[in-house]
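Before any comments, here is the structure.
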Amino acid sequence: MMNTNFFEDVYDVVRLIPKGRATSYGAIANFLGSKISARMVGWAMNAAHSENDNIPAQRVVNRIGLLTGKMHFATPTTMQELLEADGLIVENDQIKNFKELFWDPAIELEI
DNA sequence: TTTTTGACGATTC
DNA sequence: AGAATCGCCAAAA
């Protein structure tokens, strides 16, 4: 398998997201380098579907904590189910207290 | 090769 | 405050 660069990088960061926390596409993009845009992270996650790797994509949401990618899971409710299984509270397709549980790799991994 | 399309984000109207 | 638009950059058609 080839090193599909940012795909691998994105997967690695996503796997590092601790349980009960969540991050945003933009945060990952920013952490990997301002070269890539948040959209590429979304693309990477889309490709992650083809991968056999366990990618907790449910912990990656957009900047406001909205479950924009829920439709890409097995069922539109899978993402919310997984997040709730992590102890998060999802209401109206949006993560509650997202600001508090926001996990920014650029900060958390820096320390 | 050119065009279209995104699991986004920030800005402008 | 809500809606519309532009910018990012790579992959699929």
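Chain A is the first sequence line, chain B the second, and so forth, proteins listed ahead of strands; every chain is numbered from 1.
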Quick check: does any side chain N or O of [X] sit under 3.5 Å from a backbone N or O of [Y], one acting as donor and the other as acceptor?
X: A/Gln94; Y: A/Leu67; value: no
X: A/Thr23; Y: A/Trp103; value: yes
X: A/His49; Y: A/His72; value: yes
X: A/Tyr25; Y: A/Val60; value: yes

What's A/Asn62 touching, base or sugar-phosphate or nothing? Going by heavy atoms closer than 4.0 Å. sugar-phosphate
Any side-chain heavy atom of A/Arg15 within less than 4.5 Å of one from A/Asp53? yes
Taking the inter-plane angle between the rings of A/Phe7 and A/Tyr11 on a 0 to 90° scale, is it parallel (under 30°), tilted (30 to 60°) or perpendicular (over 60°)? tilted
Expressed in angstrom and rounded to an integer, what is the separation of [X] atom [atom1] from [N] atom [atom2]?
X: A/Leu32; N: C/dC8; atom1: CG; atom2: P; result: 18 Å
X: A/Tyr25; N: B/dG6; atom1: OH; atom2: C1'; result: 11 Å
X: A/Ile64; N: C/dA1; atom1: CD1; atom2: C1'; result: 14 Å
X: A/Met79; N: B/dA7; atom1: CE; atom2: C1'; result: 7 Å
X: A/Gln58; N: B/dA7; atom1: CD; atom2: P; result: 17 Å

Check ion pair A/Arg21-A/Asp86 (N to O, under 4.0 angstrom): no
Between protein and nucleotides 9-13 of chain C, what N or O pairs are separated by less than 3.5 Å?
residue, atom, partner, partner atom, Å
C/dC9, OP1, A/Lys35, O, 2.5

Does CD1 belonging to A/Ile64 count more than 12 external heavy atoms closer than 6.0 Å? yes
What stem regions, each of at least 3 consecutive Watson-Crick or G-U pairs below 3.5 Å, can be found for DNA chain B? B:2-6 with C:9-13, B:8-13 with C:2-7
